[in-house]
Structure formats: structure tokens, C-alpha cells
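All remarks here apply to the structure that follows.
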Amino acid sequence: MALDSLRGDREFRKVRAHGAVVRDPLFTLRVTEYRPRHGQPWRPGAVIGIVVPKKTLKRAVDRNRARRRVREALRTLPGGLPACRAILMPGPAVLKVPFGELQQALARALARAPSRRSKGGGNPGSASGVPAPVPSPPVTPGGPA
């Protein structure tokens, strides 16, 4: 499955607003379900934005290196990537950890990410996802007999 990048402030805001957070000592991952871009056909794939703030890594060389390592680890992940939209924020440890460990941590985080479809609950027959009201027993006039 191909790896695509989040583009534009609007896509990032949607993932930040609706995504579930998965924390790891190496990075923070915010994941939400896959949605195609406006006007594009439904082709589930991984759309991931990699954000490395200056506060985390001061030097541009380190930020670029972290971004490249994470992108390559995602691209070559055994088993591929799930269909999702995500923002990945690597920490400073990404530069020092062996590449295999980075891949394992990414695979664990993506496996731990909650999926909306796996949640139970709700009424399977209702379109809105709101459970149907439970009818109350009939009340007889005059009280119990």
C-alpha cells in the first residue's frame, strides 16, 4: 500500500480534531479513519503527515533526518500500512534507535490505534447509530390490583 502525505492545514486540523492518540517513547501518533480527499475515488490507503517541531529537534539537519528515517520505516514496514489518516510526531530518540526497533515501534503503535469500525455498541439496525428507546411497561389506572 502506498504512503501518501497529508496536505494543507485543513487535513491536519481534521486529524487533530478527530484522531485518537497513541504515545510511544519514540513518537506520538494521532490516527483517524481513512477518508478520500474531496473529489477523489475511494481507494483506502495510508495518508500520514510527519511533523517535527523545532522545540523537539533544534537543528534542521536533525529534523530532516528524523523525517526521512520515519518515512522509510513506514514505507518498508512488514505487513504494510493500514488504511488511515495520521499525524506522526517523532521525538529525539528516533535519531539514535536502531532502524529495526523503530519499525517495530511503528507497527505496535499502528496495531494499537483504535478503529471506529471495531467499536461495538449502538443498534445495528439504526442508521444514526443511536440505540432505539426501550418501551416501558403499560401503566394500569387505579394502581396495582
Side-chain angles (χ1 to χ4, degrees), residues 1-140:
M1 186 171 300
L3 175 65
D4 199 11
S5 302
L6 284 177
R7 294 187 300 227
D9 186 48
R10 188 178 200 180
E11 289 185 356
F12 277 92
R13 275 188 283 134
K14 284 184 179 182
V15 175
R16 281 191 188 109
H18 304 292
V21 178
V22 178
R23 296 192 196 286
D24 190 86
L26 300 176
F27 53 82
T28 301
L29 180 70
R30 189 175 288 267
V31 185
T32 186
E33 64 188 10
Y34 170 78
R35 290 206 177 252
R37 290 186 174 111
H38 181 71
Q40 285 189 340
W42 182 267
R43 283 189 309 240
V47 183
I48 300 176
I50 302 169
V51 178
V52 189
K54 281 185 181 179
K55 190 173 185 178
T56 304
L57 293 168
K58 302 285 184 212
R59 298 178 343 152
V61 173
D62 294 335
R63 290 193 302 273
N64 291 334
R65 184 165 175 247
R67 206 174 288 120
R68 283 194 309 269
R69 285 195 89 202
V70 168
R71 193 178 307 121
E72 184 63 16
L74 287 168
R75 192 182 71 76
T76 60
L77 202 62
L81 291 167
C84 66
R85 289 183 154 235
I87 297 174
L88 195 138
M89 292 176 279
V94 166
L95 297 175
K96 294 178 177 70
V97 72
F99 191 74
E101 287 181 33
L102 176 59
Q103 280 189 315
Q104 289 172 357
L106 286 167
R108 277 194 313 269
L110 288 168
R112 276 193 332 229
S115 170
R116 278 202 171 158
R117 292 184 192 118
S118 66
K119 284 186 187 176
N123 186 357
S126 97
S128 66
V130 178
V134 178
S136 59
V139 179
T140 56

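Quick note: residue numbers are just sequence positions, from 1. The basis for the numbers below is simple: all heavy atoms, side chains too, and nothing from hydrogens, waters or symmetry mates.
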Rounded to the nearest 0.5 Å, what separation is found between the [atom1] atom of [X] and the [atom2] atom of [Y]?
X      : Y      : atom1 : atom2 : answer
Thr32  : Arg85  : OG1   : CZ    : 8.5 Å
Ile50  : Ile87  : CD1   : CD1   : 11.5 Å
Leu106 : Leu102 : CG    : CG    : 5.0 Å

Compare every heavy atom of [Y] with every heavy atom of [X], then report the nearest pair and how far apart it is.
X     : Y      : answer
Val31 : Cys84  : CG1-CB, 3.9 Å
Pro90 : Val51  : CD-O, 3.3 Å
Ala73 : Gln103 : O-NE2, 3.5 Å
Asp24 : Ala105 : OD2-CB, 3.8 Å
Val94 : Ala66  : CG1-O, 4.3 Å
Arg30 : Gly19  : NH1-O, 3.5 Å

Arg10: salt bridge (charged side-chain N to carboxylate O under 4.0 Å, His left out) partners, not counting sequence neighbours: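 For Arg10 there are no salt bridge (charged side-chain N to carboxylate O under 4.0 Å, His left out) partners, ignoring immediate neighbours.
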Name all residues meeting the salt bridge (charged side-chain N to carboxylate O under 4.0 Å, His left out) criterion together with Glu101; count only those two or more places apart in sequence or in a different chain, and write none if there are none.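 Partners of Glu101 under the salt bridge (charged side-chain N to carboxylate O under 4.0 Å, His left out) test: none.
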Holding to side-chain contact (heavy atoms from CB on, under 4.5 Å), I want the full list of residues that pass it with Ala109, two or more places apart in sequence or in another chain.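 side-chain contact (heavy atoms from CB on, under 4.5 Å) list for Ala109, sorted by chain: Val22, Phe27, Leu29.
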Given side-chain contact (heavy atoms from CB on, under 4.5 Å), test Val70 with Val52 step by step and report yes or no. CA-CA 11 Å; Val70 168; Val52 189; over 6 Å; no
Decide if atom CZ of Arg112 counts as having more than 12 heavy atoms of other residues, nucleotides or ligands within a radius under 6.0 Å. yes
For Glu72, enumerate each residue passing the side chain to side chain donor-acceptor pair (under 3.5 Å) test, keeping only those at least two apart in sequence or located in another chain.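 Scan of Glu72 (side chain to side chain donor-acceptor pair (under 3.5 Å), adjacent residues dropped) gives Arg75.
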If you look only at pairs with a residue in residues 60-71, which of them pass as a salt bridge (charged side-chain N to carboxylate O under 4.0 Å, His left out), with sequence neighbours excluded?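 For residues 60-71: Arg59-Asp62.
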